[in-house]
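Have a look at the structure below, then the notes.
Chain letters run A, B, ... following the sequence lines, proteins first and then strands; every chain starts at 1. All heavy atoms count here, side chains included; hydrogens, waters and symmetry mates do not. Everything numeric here is computed off the predicted structure, so don't read it as measured data.
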Amino acid sequence: MEIPKTYEPGKAEERWYQHWLNKNYFHSTPDEREPYTIVIPPPNVTGVLHMGHMLNNTIQDVLIRRARMLGKNACWVPGTDHASIATEAKVVQKLRQEGIKKSDLTRDEFLKHAFEWKDKHGGIILEQLKKLGASCDWERTHFTMDAEYSDSVIDVFVDLFKKGKVYRGVRMVNWDPEALTAVSDEEVLYKEVNSRLFYVRYKVAGTDDEWLTIATTRPETILGDTAICVNPNDVRYKHLHGKSAIVPLTNREVPIIADEYVEMEFGTGCLKVTPAHDINDYELGKKFNLATIDLFNDNGALNAHGLHYEGKDRFDVRKEIEKELHDKGYLVKTEDHINKVGFSERTNAVIEPKLSLQWFVSMKELAQPALDNVMNGNIQFHPEKFKNTYRHWMENVKDWCISRQLWWGHRIPAWYFGPGANDYVVAKTAEEAQSLAKEKSGKDISISDLKQDEDVLDTWFSSWLWPISVFNGLTRPGNEEIKYYYPTNDLVTAPEIMFFWVARMIIAGYEYLGDLPFKNVYYTGIVRDKLGRKMSKSLGNSPDPIDLIEKYGADGVRVGILISSPAGNDLPFDSSQCEQGRNFTNKVWNAYRLVSAWEVRELEQPKSSVMAIEWFENRFQTVLAEINDLFDKFRISEALMAIYKLVWDDFCSWYLEMIKPGYEQPIDSKTLEATKDFFENLLKLMHPFTPFVAEELWHQLRNRAEGDDIIIAKWPEVKTVNSSVLSKFTIAEEVITNIRNVRKNNNIANKVKLELFVRKNKDVDTAFDSVIVKMGNLSLMEYVSEKVNNANSFIVDGSEYFIPFGDTIDVEAEKEKINEELTYTKGFLKSVQEKLKNERFVAGAPEQVVAVERKKEADALAKIALLEEKLTTLG
RNA sequence: GGGAGUUUAGCUCAGCUGGUUUAGAGCAUCUGCCUUACAAGCAGAGGGUCGGGGGUUCGAAUCCCUCAACUCCCA
């Protein structure tokens, strides 16, 4: 049967994925084995796969597949997140295209549309993950709005409320006037924008013509001013302390207060204070008991406090008020100014700090165990540098605003029974709420009198329970699965969501199960394009992962994306890396083609093959130990590189060439069997990274019994290494490379057999001579006591090697080469000798270090002598 | 404004508590080969004063200080 010259991934991938599914290999149930668990960072339910997912999920699959081979009960839980803001925005947009306004729908009608949308687009991303080869336990697929999951979210809200950790309060929130919702601090992007600084003068009350000038970037908020603030140390304004100023246009009188918060150098050193519309002013307002005047409607237009500007948008008012201030003589001047403005991550609207009644989680106490257990190493971050960032945040943690003015999500289980600020209860159901309300109010209240809070919970308020709720750890406490799978092992995610998600999962873990949610957190980098830009939909610079898989094969893409992505570093992605990955799968494919084509016969095993096998055995063991170590340290791409080199360089370029019989020659069975064993072990190491081609060749290489699949094969065992074999081979390798160089320099074809004479200057091990003869294509290898004239020569490990080829030798070129080597060696010798001449070095450095330097000196001296001798011979 | 991190070959990165490192790998580059496993390949080669400056030390890519550039987080 003709085996194709290049590996064709498409069909094999589909076949093997289906095979794995049929065999139920991805499914896990608790048993007596050690569990190994990963919960997927749930992608947005309506999302599509992008390169960031590819990186993230490939790493998870590598970890889970290796764990499976190590004999652990591997469980990778997949699922999706309802992503309230993003999904609701998409549904609103889709309805708008159909001419339906959200405001025309009831909550139930809107949710019906939303669920339709979710059913249509939801889960596409999970199907895409299958193409990548993700070995998730699909029977465990969860969605953050599934009934039982939602129960756990509501339970936690009620519980935290009972513990006094959830409270309702007026707070300055980041208001998105477009989405008409509060957004969390983390969803605000600060950008530098060119704006203007307006210098406006306020009259000092009780004077005829004394003015003070303030500088502001937001003149439209003047109408909400309730104080002027100066620095108490500012001599320019000392006389004004305790006086009042008249706010332009409104003619309101406001106090002049003094606080060190004001920077004397900024602007004029006078700050206008608008507690309703700036977080710092709000704090000042609290401190000085100032009035707050809220100027804006929810949509960013001015309300009645805005006087004649009522109903106009904040940015229009900025322009108009500038003109009015100017016309009335209040505007002193304007300056160009660069300041940072917050934008909504979702709608890109300018965020308006706004006082609003919201629900909060009080974080300080909850955060403590989460901080401690990362700092003390119970939970490990990879790379560790992220601990610093984490600590900084956790030590300064602020209360978490968890209410969102949206419909898509978990509705807040608070029920209002009256107009008073405290006329509400928190309960899971209307019935419970009713009895609580009766109790609280002392009145007879019917269910229809209760009005449930309109808001939903922040999406992260459900995803922080992910590692617990996918095992129903809250709704069915202490169940078999939560006991078995929790704490999970490794979490693979992006550093951007360290606070949104990672920190909060840790908090929830300690609060609800008294234990960490995972032992290791592996932070991936951001996938960037060649120009270093973050890959994003809006830039259109992100390749479609599915296209890449079709072009290079899933294995090729997996290798391409992992080959240069150390933990925590950004990954500049270029599709040429996938090409490298595809080439790798093809290389292995062809190695198989070679091995499969040999005809076995009962032959004596050549010496060179015996040595090759002994060498590769040891080489494999060495690299295996390295790979295991790299995995333990989460240095995934380095582990991949080690495997890549082991397969390509050691196995294909060296080992197979060493044992390869001549063209159309048979092979002895011992060598063939050993080779197939090696091949199997290599496939095992490859399998986590390139599962498809590994499974394919596993089955091609040998006839397999039912169920003998590489996905559940046993990861190779580490054995002790005979390092002397390795060092002997290194010398043989160097001799062979030198022979090849002689061929190349003299234009001698590979087919032409050469003679090699060796003058040993010390004991030379001859174990690999047969390998040298074969790989160098020698007709003769002989040990001599005299140097050989008219020969190309080289020195390896103190011995001289001669290849007579008098006719073509280029004496000048040869001399030049020797001189170059001589210069280098002399330079090297000099640096070593300088060290050794230094008495303080000899006295101060450890004995071993000095001994090493002495050996370097001796070797260099011997080499120089040989080189100089060669030069004289050449004349 | 506060904090953290990064800076080693054209690119992406190794190089642990300073000493077999006049610095390694992969890719890219260059040269020669279509040698029947693979040109998606083989063989060989070139390429870095380790961001600049200063210091500690017998010895610094590695430790300290300083300057510069870039990145991220927080306000």
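In this entry the distance linking NE2 of A:H392 with C1' of B:rG5 reads 14 Å, nearest Å. Distance CH2 (A:W598) to C1' (B:rA37): 9 Å, rounded to an integer number of Å. Here B:rG41 presents its C1' atom at 14 Å from CD of A:E579, a figure rounded to the nearest Å. Protein atom CD of A:E599 is 20 Å distant from nucleotide atom P of B:rU36, rounded to whole Å. Between the CH2 atom of A:W654 and the P atom of B:rC38 there is a distance of 20 Å, given to the nearest Å. The separation between A:R391 atom CZ and B:rC73 atom C1' is 14 Å, rounded to whole Å. B:rC27 atom P lies 10 Å from atom CG of A:N583, rounded to whole Å. Taking atom CD on A:E638 and atom C1' on B:rG24, their separation rounds to 12 Å, with Å as the unit.
Phosphate contact (OP1/OP2 of B:rC74, side-chain N/O of A:K398, threshold under 4.0 Å): absent. Between A:N388 and the phosphate of B:rG3, there is no side-chain N or O to OP1/OP2 separation shorter than 4.0 Å. Distances shown here put a side-chain N or O of A:R635 below 4.0 Å from the OP1 or OP2 atom of B:rG15. For B:rC38, neither phosphate oxygen OP1 nor OP2 lies less than 4.0 angstrom from any side-chain nitrogen or oxygen of A:T6. At B:rC74, none of the side-chain N or O atoms of A:N396 fall inside 4.0 Å of OP1 or OP2 (strictly under the cut-off). For B:rA37, one of the phosphate oxygens OP1 or OP2 lies less than 4.0 angstrom from a side-chain nitrogen or oxygen of A:K660. Residue A:S653 places at least one side-chain N or O under 4.0 Å from the OP1 or OP2 atom of B:rA43.
Which of B:rA37, B:rC74, B:rA25 sits closest to the side chain of A:W393 comes down to B:rC74. Set against B:rA45, B:rA43, B:rA37, the side chain of A:N741 has B:rA45 as its closest nucleotide. Relative to the side chain of A:F499, the nucleotides B:rG44, B:rC73, B:rA25 differ in distance, and B:rC73 lies closest. Considering only the side chain of A:M641, B:rA25 comes nearest among B:rU31, B:rA25, B:rC38. Closest to the side chain of A:Y663, from the set B:rA37, B:rA14, B:rG26, is B:rA37. Nearest nucleotide to the A:C652 side chain, out of B:rG41, B:rA37, B:rG44: B:rA37. For A:Q580, whose side chain is taken as the heavy atoms from C-beta onward, the closest listed nucleotide among B:rG3, B:rG26, B:rA40 is B:rG26. Among B:rU35, B:rA25, B:rC42, the nucleotide with an atom closest to any side-chain atom of A:W648 is B:rC42. Ranking B:rA37, B:rG41, B:rC27 by closeness to the A:L594 side chain, first place goes to B:rA37.
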- Task: With ring pair (Phe, Tyr, Trp, His ring centres under 6.0 Å) as the test, would you mind laying out the steps for A:F386 and A:Y390 before giving the verdict?
- Result: CA-CA 6 Å; A:F386 287 113; A:Y390 181 83; over 10 Å; no

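B:rU6 and B:rC16 have their P atoms separated by 13 Å, given to the nearest Å. B:rU8 and B:rU36 are spaced 43 Å apart, taking the P atom of each and rounding to whole Å. Taking atom C1' on both nucleotides, B:rA69 is separated from B:rC33 by 45 Å, rounded to a whole Å. Here, B:rA45 and B:rA28 have their C1' atoms 14 Å apart, quoted to the whole Å. Only the C1' atoms considered, B:rU20 is 25 Å distant from B:rG26, to the nearest whole Å. Using atom P as the reference point in both B:rU56 and B:rC64, the two lie 15 Å apart (nearest Å). Rounded to whole Å, the separation between the P atoms of B:rG47 and B:rG2 comes to 45 Å. Comparing the same atom, P, in B:rG53 and in B:rA68 gives a spacing of 15 Å after rounding to whole Å.
A:E657 comes within 4.0 angstrom of a base, heavy atoms only. Here A:E496 lies out of heavy-atom contact (under 4.0 Å) with every strand. A:Y644 comes within 4.0 angstrom of sugar-phosphate atoms only, judged by non-hydrogen atoms across all strands, and of no base. Residue contacts for A:S596: at a heavy-atom cut-off of 4.0 Å it reaches no nucleic acid atom on any strand shown.
A donor-acceptor contact under 3.5 Å is not formed by the side chain of A:Q577 with the base of B:rA28. Judged by atom type and distance alone, A:K5 does not reach the base of B:rC38 through any side-chain donor-acceptor pair under 3.5 Å. Counting distance only, with no hydrogens placed and no angle test, the side-chain atoms of A:R740 and the base atoms of B:rA43 include no donor-acceptor pair under 3.5 Å.
In this structure, A:D859 does not pair ionically with A:K863, as no charged nitrogen and carboxylate oxygen lie closer than 4.0 Å. Ion pairing between A:R635 and A:E626 fails under the 4.0 Å rule for side-chain N and carboxylate O. In this structure, A:E638 does not pair ionically with A:K633, as no charged nitrogen and carboxylate oxygen lie closer than 4.0 Å. The pair A:D259-A:K287 meets the salt-bridge criterion, with a side-chain N (NZ, NE, NH1 or NH2) lying under 4.0 Å from an Asp/Glu carboxylate O. The existence of a salt bridge linking A:R218 and A:E352 is confirmed by a sub-4.0 Å separation between a basic side-chain nitrogen and an acidic carboxylate oxygen.
Counted within 6.0 Å of NZ on A:K387, heavy atoms from surrounding residues, nucleotides or ligands total more than 12; the atom is thus considered enclosed. Under a cut-off of 6.0 angstrom, the local environment of CD in A:E384 is sparse, with at most 12 non-hydrogen atoms contributed by other residues, nucleotides or ligands.
With A:F678 as the fixed residue, the ring pair (Phe, Tyr, Trp, His ring centres under 6.0 Å) test singles out one of A:W654, A:F616, A:F620: A:F616.
A:N792 and A:N746 are linked by a side-chain donor-acceptor pair at a separation below 3.5 angstrom, with hydrogens and angles left out of the test. A donor-acceptor pair shorter than 3.5 Å cannot be found between the side chains of A:Y282 and A:T274.
Where A:L829 and A:K645 each meet RNA chain B at their nearest nucleotide, the meeting point lying more 5' is that of A:L829. Each of A:K856 and A:T389 was assigned the nucleotide of RNA chain B with the nearest heavy atom; the assignment lying further toward the 5' end belongs to A:K856.
Helical stems of RNA chain B (runs of at least 3 Watson-Crick or G-U pairs, donor-acceptor distances under 3.5 Å) are listed by first residue: B:1-7 with B:68-74, B:10-13 with B:24-27, B:29-33 with B:41-45, B:51-55 with B:63-67.
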